[in-house]
Structure formats: C-alpha cells, structure tokens
Amino acid sequence: MECKNENVKSWVNEVAKKLTPDSIVWIDGSESENKKLSQGLVDDGIFIKVNEKEYPNSYWCVSNSNDVARVEDKTFICSRLKGDAGPTNNWVDPKEMYTKLDSLMAACMKGRKMYVVPYLMGPDGSPFSKVGFELTDSPYVVVNMRVMARIGDVALKNLSDKSNDFVRGVHSVGKIDPANRYICHFPEDNTIISFNSNYGGNALQGKKCFALRIASSLAKKEGWLAEHMLILGITNPKGEKQYVCAAFPSACGKTNLAMLVPPVEYQKAGWKVETVGDDIAWLNFGDDGQLYAINPENGFFGVAPGTSDATNPNAMATLRGGNTIFTNTALDLDTKTPWWKGLPNMPKKAKDWLNNEWDPESGTEPAHPNSRFTTPAAQCPSISSEWQAPKGVPISAIIFGGRRARLAPLAYESKNWQHGTFIGMTMASERTAAAAGKVGELTRDPMAMRPFIGYHAGDYFKHWLDVGKKAGAKLPKIFHVNWFRTDDDGKFLWPGFGDNMRVLEWILGRVDGKAGSIDSPIGALPRAQDLNLKGLKLNDSQTSQLLSVNIADWIEELTSQDEFMKSIGDKMPKELWDEHSGLKERLLGKHKAADTMTQNAAV
Ligand code: OXD
Ligand code: MN
C-alpha cells in the first residue's frame with residue numbers, strides 16, 4: 001500500500017535531506033519483508049537463529065555493553081516553557097534541542113538505509129488508536145517494532161490522506177555513543193527524536209516515548225489517561241467478567257500479575273484470568289460514563305530474568321510460540337537456546353550477552369540483568385478474546401502497588417477517586433538488589449509514571465483529579481496492594497504469584513459490594529474473614545502483620561510524602577495536600593488514643 005498522505009511524504013523527504021541515507025525503504029509489515037530484514041541481521045552477525053524446535057522463527061541478538069537500558073538522564077521533554085516539563089523531567093528549549101540534534105545528526109544515515117515504519121498504537125479500527133511513523137536506520141528496530149506495534153499497511157489504513165494527526169519520529173543508532181545519546185520528546189509538535197541508542201525503551205518509539213510520554217500529554221489535552229498499567233480480565237464462577245488495571249514500579253511482578261495463573265482450587269471453582277495488556281493502558285470514557293482501556297501495544301517487551309515455567313508459564317508458552325527476539329540474554333551453545341537467570345539448567349557452553357565465549361568457571365553471569373524478550377501478545381495462552389476490542393474493556397478497579405517491606409498492608413481500598421489519586425501519587429517502592437543503589441532505599445514513583453509523565457507532574461495529578469470530576473462518570477474503585485511485606489526475619493509473609501488471585505477476589509468483591517472490610521486511617525482493609533486464605537500456611541501472627549497498619553510507621557511515612565509533594569512545587573493540587581492533612585489527622589488521632597496498631601479485628 002502506497003502512502004498517499006502528503007504531510008507524511010514531505011516530512012520524510014525533509015528528514016532524508018538532513019540525514020542523507022543512501023536509500024529510503026517504506027516498510028509494509030509483511031512476512032517476506034520481515035524474513036529479509038532478519039536474514040540481513042544474521043548475515044551481519046547481529047542475529048543468531050535459535051533452536052527452531054524450542055523457539056520457532058526466533059533470534060538471539062548481540063548486545064552492546066553501553067546500551068542496555070533506558071537512560072533517564074538523557075531523556076528530555078522539550079516543551080516551549082520549562083514550567084510545562086516540571087521537576088520530574090529534564091528540559092531543554094525545543095529550538096535549542098532541534099539545532100543541537102540537526103548538527104549532531106547531520107548526514108548520520110550516510111551509507112545506510114532509512115526505513116520508514118508506519119505504526120499504529122491500539123487495535124485496528126479503534127477510535128482511540130493513534131498513528132506514528134518512525135524513520136530509522138536500524139533494521140533491529142524495524143523487526144522489533146513489528147512485534148510491539150501494528151506496522152505497515154494497517155497503520156496507513158488508519159490515517160486519512162489529508163490528516164496531519166500522526167507522531168513524527170526520527171531514530172538513528174549513530175555510533176551508539178553514550179556521550180551524545182539523546183531521547184527527546186517535543187510534545188507541542190508530536191515529535192520524537194532518539195539518537196545513539198538501539199535499546200528498546202529508547203529506540204522502539206511506540207512504547208515509552210509515544211504510548212506514555214507523548215500520549216500522556218495528548219491525553220491531558222483530550223480528556224483521557226495514558227498510563228503505565230497492565231490490563232487483566234477476571235471471570236468468576238458465575239461467568240461474570242470484570243477488568244482491572246494495575247500500575248507497579250519495576251521489579252514488583254507486573255508481568256507475572258498480567259499473566260496470573262489462579263490457584264488450582266480457583267481454577268476448579270471456575271475462575272479464569274485473562275491478559276489484555278502487560279505494560280500500558282489507554283483509558284477513555286465510554287458513552288455509559290465508564291472508563292474503557294485499550295492496550296496500545298501488540299507484543300510484550302518482557303523482563304526475562306526470573307521468568308520460567310515455575311513463575312510464569314504463560315510467558316514461557318508465549319515465547320515457545322516463536323517469532324521472538326531475545327536481547328541481552330546468553331546463548332547456550334549446546335542447545336542453541338537463549339538463557340537468563342531464573343531458567344533451570346545453567347549452560348555449560350555459552351556465549352555471553354556480548355557475544356563473548358563464556359567461561360562457566362569464571363563466576364560471571366552470562367546474561368545481563370536486563371535480559372529481554374520481544375514476543376507477540378497474540379501468542380500468549382492467557383490472552384483475552386477482547387484484547388483487540390476497538391472500544392476497549394470496561395475497567396472496574398485500578399490497583400496501585402509497590403514493594404514495601406513494612407509499611408503497606410497486603411491490600412487497602414481508597415475512600416473515593418480523590419483519595420485514590422492521592423494513594424497513586426504517593427506510590428513508592430524499595431530498591432531491590434537488582435538495581436544500582438542502596439538496597440531498601442525508597443523511590444517515589446507516582447502511578448509508576450515518574451519517568452514517563454510527558455509534562456509537569458503537578459498538572460498530571462490535577463488531570464487525574466479532573467478525570468474524576470467528569471459529569472456522569474462511573475469511576476473504577478482505586479486500591480493499593482503490597483505483595484512484599486516481610487516478617488521480622490525479612491521473610492516474605494505473602495506467597496504472591498497465583499495466590500494474588502485471593503486479593504483480586506476481595507477487590508472485585510468490594511466493587512460488587514459483597515466483600516467486607518474494616519476502616520483504618522489509610523483506607524478500608526480486608527479482615528482475615530474477608531479474604532479466602534484457605535490452603536495457605538499463614539498463622540494468626542502472620543495474617544495480622546499482613547492486614548494491619550502500624551501507626552508509628554505511617555507517621556514516619558508522612559514526612560517522606562511531604563518531601564516528595566513539596567518537590568513538585570506550586571502545581572501540587574490543593575486537594576492532594578488536603579488528603580495528606582486528612583491522613584495526618586487520622587493517624588495522629590489514632591496515635592493519641594495509644595493505639596499503635598490498627599489490628600485485624602478477627603485475629
Ligand atoms: C519497561 C519499563 O521496559 O518499564 O516496561 O522500563
Ligand atoms: Mn514498563
């Protein structure tokens with residue numbers, strides 16, 4: 001299909017004049033084109049085809065040691081006013097950044113092909129889907145974009161010939177020079193330019209750059225929400241199906257929750273869990289006043305370490321469906337299969353993630369901690385029949401979560417949308433050994449969106465409050481969960497994984513008005529009798545610790561919340577300061593009553 005849109009064609013020519021590629025290749029998204037590009041990567045020594053029986057039509061990719069993750073210090077929101085980018089973003093004046101990039105990127109595609117990748121974020125034919133174009137000199141980006149977005153003809157079909165409503169994206173791997181790496185967003189021009197990185201989160205522009213940063217800014221203007229949330233469908237034994245969205249910072253088990261396998265007793269009783277999305281949700285109001293979510297993506301760019309048949313069989317089955325690209329993993333040379341930490345059978349003979357021969361005696365890890373797979377969502381055994389529904393799926397509950405060893409109870413419910421927004425805004429997680437920095441240190445990550453809010457965070461919180469004020473809105477209930485509470489010996493109290501189903505059941509019970517709870521200063525908590533704990537080996541003390549609020553700890557938490565809220569400045573909405581004061585009053589009231597612990601009444 002030929003692109004007939006003159007706005008697109010003239011922009012492509014303009015970019016080509018500056019970057020001077022040898023040729024321009026329009027991507028159609030076909031199978032034959034994909035084969036040719038993948039074979040080209042094999043011929044160049046960048047891809048190795050892996051074991052066809054284990055992972056059909058799949059490739060292992062050689063990595064670059066300086067290009068393995070998103071680079072927040074090199075990520076910019078270039079709005080005309082600095083105040084529109086706010087305190088959580090790096091900012092440079094757009095004119096200055098365009099000039100800098102023009103000079104840095106001049107003729108950077110000389111000797112290379114420039115691929116024009118038309119892509120669609122969201123299901124074909126959905127009124128909520130949006131079109132983007134990524135002009136890239138990286139065939140790796142093209143084949144990954146084909147998995148993560150709907151590319152080629154389908155995107156052109158969703159853009160009318162005269163439309164100027166598309167995201168303009170330019171990407172060049174340059175020399176993969178970290179000193180001149182830039183991931184730039186120009187929200188007022190719907191433009192993304194990324195240079196000198198080939199890593200997914202920086203280079204596959206449909207994902208974080210468009211579907212979160214640019215989309216969050218569009219969503220504010222247009223009255224919807226673009227969020228870093230998984231989407232899950234849950235069917236109860238009566239056959240009633242409900243959907244929830246959930247936001248978690250990294251290393252909190254988001255992919256596992258998106259592909260949750262319920263405990264056997266739940267399966268026998270008729271419960272069913274389905275995946276709609278694992279990372280991003282676009283939420284729009286339907287005519288009935290409910291929020292409907294679409295997953296703008298077409299695949300999973302999943303974190304491999306810790307993924308195995310034991311922890312996430314649905315993810316493993318998706319990979320075994322084939323058509324997968326493995327990045328930053330090791331390659332077991334005996335089996336010709338990718339390997340990462342958490343898989344059984346440590347390789348005896350392997351290439352490490354940088355394509356070096358790995359010495360099993362060396363004590364080094366052959367796979368990078370940020371090993372990734374890019375795999376088609378349609379292959380996931382738990383994928384929902386509704387995952388491409390053009391109108392999206394109606395959302396009954398929004399769940400925020402974090403990793404808090406002591407503070408947050410297993411689950412609690414907000415009083416209303418404003419209080420729920422406050423709970424999302426104060427989300428935080430403790431650092432694990434997997435990331436650089438001090439273990440246990442608290443990172444504030446509002447709505448799990450801190451690196452992805454494409455404008456001023458204070459305006460983003462205000463937008464959440466405004467969404468809640470929409471006339472006729474039938475809003476989802478908002479909850480907070482914490483799977484990571486530990487006992488005094490540092491052992492996890494909650495089994496997690498499939499057993500998180502028990503908490504989901506309580507959440508849906510609260511939505512339906514059928515499950516009980518007890519009030520606490522932070523929100524409504526489940527009591528032991530409100531949760532199905534059958535079959536779990538929890539003693540009374542463990543249950544009590546999971547389902548209680550330690551007033552003294554929460555009073556300490558207020559100080560850290562206060563610090564974060566002040567860092568947002570004058571744009572922190574008054575309503576959220578009111579919520580903060582309300583929480584303080586409730587906690588101090590309890591404290592004065594010498595009641596240091598709001599205990600689960602049943603224990
Ligand atoms: C991701 C991320 O890759 O959140 O999804 O960093
Ligand atoms: Mn993510």
Side-chain angles (χ1 to χ4, degrees), residues 34-70 138-148 173 176 197-204 255 299-376 379-380 434:
N34 188 50
K35 269 216 163 73
K36 211 166 113 193
L37 286 167
S38 303
Q39 188 55 46
L41 284 157
V42 170
D43 297 342
D44 289 345
I46 293 165
F47 269 9
I48 293 177
K49 196 154 203 277
V50 301
N51 188 320
E52 185 66 21
K53 277 204 192 102
E54 293 282 334
Y55 304 103
N57 191 32
S58 298
Y59 297 90
W60 175 86
C61 181
V62 173
S63 249
N64 187 314
S65 62
N66 80 40
D67 192 30
V68 290
R70 286 187 291 103
S138 166
Y140 170 83
V141 162
V142 179
V143 294
N144 274 278
M145 280 294 282
R146 184 168 188 271
V147 179
M148 294 306 298
V173 290
I176 318 211
S197 171
N198 212 17
Y199 172 74
N202 304 323
L204 307 180
T255 311
F300 307 132
F301 180 56
V303 178
T307 307
S308 68
D309 286 315
T311 60
N312 194 336
N314 283 323
M316 291 306 293
T318 313
L319 303 182
R320 292 194 184 104
N323 312 305
T324 298
I325 299 157
F326 298 96
T327 304
N328 292 342
T329 75
L331 181 68
D332 185 322
L333 292 172
D334 289 322
T335 58
K336 269 261 183 114
T337 57
W339 190 88
W340 53 82
K341 207 168 174 163
L343 279 183
N345 306 324
M346 186 87 182
K348 294 191 181 69
K349 204 165 156 245
K351 277 178 186 291
D352 69 11
W353 56 286
L354 293 169
N355 203 18
N356 301 314
E357 201 174 308
W358 175 68
D359 174 6
E361 305 298 315
S362 66
T364 58
E365 291 289 343
H368 189 273
N370 194 23
S371 294
R372 294 280 185 151
F373 50 76
T374 319
T375 195
Q379 293 174 189
C380 183

> Does the T311 side chain pair with the main chain of G306, one donor and one acceptor, at a distance under 3.5 Å?
Replying inline: yes
> Roughly how far apart are M316 CE and T375 OG1, rounded to 0.5 Å?
Replying inline: 10.5 Å
> Does S58 reach the main-chain N or O of P56 with its side chain, forming a donor-acceptor pair under 3.5 Å?
Replying inline: yes
> Is any side-chain heavy atom of V173 closer than 4.5 Å to a side-chain heavy atom of Y140?
Replying inline: no
> Can you tell me if N370 uses its side chain to pair, donor with acceptor, with the backbone of V68 under 3.5 Å?
Replying inline: yes
>> When you compare the side chain of I325 with that of M148, does any pair of heavy atoms fall below 4.5 Å?
In response: no
>> Using every non-hydrogen atom in the two residues, find where W358 and P347 come nearest and quote the distance to one decimal.
In response: CZ3-O, 3.4 Å
> Going from CD on Q39 to NZ on K49, what distance comes out if it is rounded to the nearest 0.5 angstrom?
Replying inline: 9.0 Å
> So, for P376 and G322, which heavy atoms are closest and what is the spacing to 0.1 Å?
Replying inline: CD-O, 3.9 Å
>> Is the shortest side-chain heavy-atom distance between K351 and N356 below 4.5 Å?
In response: no
>> Return the CZ to CG distance between F300 and N314, rounded to the nearest 0.5 Å.
In response: 9.0 Å
>> Which residue in the set Y59, Y55, W60 passes ring-ring contact (aromatic ring centres under 6.0 Å, His included) when paired with F326?
In response: Y55
>> Restricting to non-hydrogen atoms, name the atom on G321 and the atom on N323 that form the minimum distance, rounded to 0.1 Å.
In response: O-ND2, 3.7 Å
>> Hydrogens and angles aside, do S63 and N328 bring a side-chain donor and acceptor to less than 3.5 Å of each other?
In response: yes
>> T374 and side chain to side chain donor-acceptor pair (under 3.5 Å): which single residue from T327, N144, T324 fits?
In response: N144
> For T255, what residues pass the side chain to side chain donor-acceptor pair (under 3.5 Å) criterion, not counting sequence neighbours?
Replying inline: none
> Looking at residues at least two apart in the chain, or sitting in another chain, which of them share a side chain to side chain donor-acceptor pair (under 3.5 Å) with E54?
Replying inline: none
> Shortest non-hydrogen contact from G342 to S308?
Replying inline: O-CB, 3.5 Å
>> Among residues at least two apart in sequence or on other chains, which ones pass side chain to side chain donor-acceptor pair (under 3.5 Å) with D334?
In response: none
> With side chains defined as the heavy atoms from C-beta onward, is the minimum distance between W340 and W353 less than 4.5 Å?
Replying inline: no
> Are there more than 12 heavy atoms of other residues, nucleotides or ligands under 6.0 Å from atom CG of N345?
Replying inline: no
> Does the side chain of V141 come within less than 4.5 Å of L204's, by heavy atoms?
Replying inline: yes
> Taking only residues two or more places apart in sequence or in another chain, which ones pass side-chain contact (heavy atoms from CB on, under 4.5 Å) with I46?
Replying inline: L41, D44, C61
> What pair of heavy atoms forms the shortest contact from P139 to L37, and how long is it?
Replying inline: CB-CD2, 4.1 Å
> How many angstroms lie between atom CG of L319 and atom CD of Q379, to the nearest 0.5 angstrom?
Replying inline: 8.5 Å
>> So, using side-chain contact (heavy atoms from CB on, under 4.5 Å) as the criterion, who are the partners of D67 when residues are at least two apart?
In response: N64, I176, R181, S197, N198, Y199, N202
> Can you name the closest pair of heavy atoms from V143 and S38 and give their distance?
Replying inline: CG1-OG, 3.9 Å
> What's the verdict on side chain to side chain contact (heavy atoms under 4.5 Å, CB included) for F373 and T318, showing C-alpha distance, side-chain angles and the deciding distance?
Replying inline: CA-CA 10 Å; F373 50 76; T318 313; over 6 Å; no
>> Which residues pass the side chain to side chain donor-acceptor pair (under 3.5 Å) test with D309, not counting sequence neighbours?
In response: R320
>> I'd like to know whether L331 forms a side chain to side chain contact (heavy atoms under 4.5 Å, CB included) with L333, so could you lay out the CA-CA distance, the side-chain angles of the two residues, the decisive distance to 0.1 Å, and finally the verdict.
In response: CA-CA 6 Å; L331 181 68; L333 292 172; 4.2 Å; yes
